[in-house]
Amino acid sequence: MSFNLEVTGFRLNLFFFFFLLNPDIFVTVNVLKFPTDFFIWSFFIVDFTFFFKFVLFYSVYVLCRWLVLAMAMLRFYIKKGTHKGLYRSIARTLKFFQTFALVEVGHCAIGIVRTSVIVTGVQVCSRIFMVWLVASSIRQIQNEESVILFLVVWTVTEITRYSYYTFKLLNHLPYFVKWARYNFFIVLYPLGVIGELLSIYAALPFVRRSGMYSMRLPNKYNVSFDYYYCLIIVMLSYIPLFPQLYFHMLRQRRRVLHGEVIVEKDD
Amino acid sequence: MSTAVVFFEVEILDAKTKEKLCFLDKVRNKLQRILYLPVPDPQWYPARQSIRLDPKGKSLKDEDVLQHLPVGTTATFYFRDLGAQISWVTVFLTEYTGPLVIYLLFYFRVPFIYAPKYDFTTSKHWVVHLACMCHSFHYMKRLLETLFVHRFSHGTMPLRNIFKNCTYYWGFAAWMAYYINHPLYTPPIYGEQQIRLALILFLFCQIGNFSIHIALRNLRPPGSKTRKIPYPTKNPFTWIFLLVSCPNYTYELGSWLGFTLMTQCLPVAFFTLVGFIQMTVWAKGKHRSYLKEFRDYPPLRSPIIPFIL
């Protein structure tokens, strides 16, 4: 190939980003219309054909998806002026590709991404739990502000994260992307946790009243399960888990942005 | 033949920091002697010391003789602290007494577990009494085996294991016992037939498990730490050695499957599953080490389930 693949890839990414910002590509608020997906898929085919770097095309694909979601959310808010009903409009898309994120666990297991399987697994599972078992199944909380809060936080976090991966894989990492990836989380992470916890807390009375996902005695399996107490345990589990992840990210930040060498504890 | 006494000079360095911890001269042959010498810090008792030839290598054994190791007359060893240790016997006794006691607390329905009107009542289903007897028999058997049958290759394990193991055993015992002894317990669907079949399976596997433990004990003379390939003996329950490397795990799985069938309780099934996964990991490791150690290891054997796993 006579042209420089990496530079081309970088330019294609930029092009696509500006292309997406053009509101005329959306016919309606529902983003899963064929034309939008067609553009995403064609880009992903180009990526795969020319680059053969699976991780790169996956990053770009996920980045595009989150950008599209962000656009959809913005468009809904501008059109309707309120956040009520926003979740319902993006629920299907969100469910689809938050579940699709399970492939990342596969990437870690195969070894093409150098993260631990358990860390990724826990992250993806907690996201899937929030989407499927809390927000989508308990309709009464879908208009709460806390749901919008964690959605916005997730969107911004994922966009910075996948832009970072994409640009890094193309070896053209602008400093502001790196800066964003390692600084935004300081505010976003606690905000996201607050959003999630408030959503679960808001859902509790509805779970109690309806007795959903629960099983009482007597039954032929001789077991019982109360979703209400399960949710309370999930909320409590944030207490040990959140500081660990937060300080891990802070350590990464110190290492990447300030070049400090952190001596890891010997196992 | 002159029996010249060979003296060694031994230098011990810390495996991580490489600083010299001590220097011994006029050391005779056995490594064992080094471990029992007075050390700078009295909390480093011998079971906690790991002495090795290479900082990242395997630990040397107590019985190793200096003359047979690849060292000159001046030997350099690396020391690594294994952390606080606890003996296997202590761990086993603690982790098996817990389930025994806990299950009985639930069986007798002591206060604060179920609703107050059920305190100290007994279940009207006879399978609940049978389950209590089987469960208690199982753990009594394990306790007696720990005291009188098992011969352990390692004396100790890290201290934190006792917390991990006890949480596992005691936690699961409480979870199972709660549902089996619950006033709203539902007996097995197929009734008498299912319970009888389950009981036969359970007893068969308990006897099998015990036979294997005896056979393994007889492989190793008292006080020694030799390793030999186990073979079937006159006892029919040991004939499974023809097909399986670790039949004690196979029989254990069988016992718990029997118990699950007997009680028809999902937590018990879950406990069986988790135990099965753990035992499979152990069996595969054992099988691999047998294959590595013995050239003539019988090829027909699988780690835990004949022909399958």
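Here the structure is a predicted model, which is why all the values come from computation and not from measurement. A note on names: the letters A, B, ... follow the listed sequences, proteins ahead of strands, and every chain is numbered from 1.
Within 6.0 Å of the OH atom in A:Tyr201, the count of heavy atoms belonging to other residues, nucleotides or ligands does not exceed 12. Heavy atoms of other residues, nucleotides or ligands lying less than 6.0 angstrom from NZ of A:Lys168 number 12 at most. Counting non-hydrogen atoms of other residues, nucleotides and ligands closer than 6.0 Å to OH of B:Tyr190 gives a total of 12 or fewer. Annotation: B:Tyr114, atom OH; neighbour count of heavy atoms from other residues, nucleotides and ligands within 6.0 Å is above 12. By the neighbour-count criterion of 12 heavy atoms within 6.0 Å, atom CZ of B:Phe172 is densely surrounded, having more than that number from other residues, nucleotides or ligands.
With a 4.5 Å cut-off on non-hydrogen atoms, B:Ile189 touches chain A through its side chain but not through its backbone.
In terms of heavy atoms, B:Cys265 sits closest to A:Asn222 at SG-O, 3.5 Å.
A distance-only check finds a donor-acceptor pair linking the side chain of B:Gln264 to the backbone of A:Lys220 [under 3.5 Å]. In this structure, the side chain of B:Thr186 engages the main chain of A:Asn219 through a donor-acceptor pair within 3.5 Å. With B:Tyr179 contributing its side chain and A:Ser224 its backbone, the two residues share a donor-acceptor pair below 3.5 Å.
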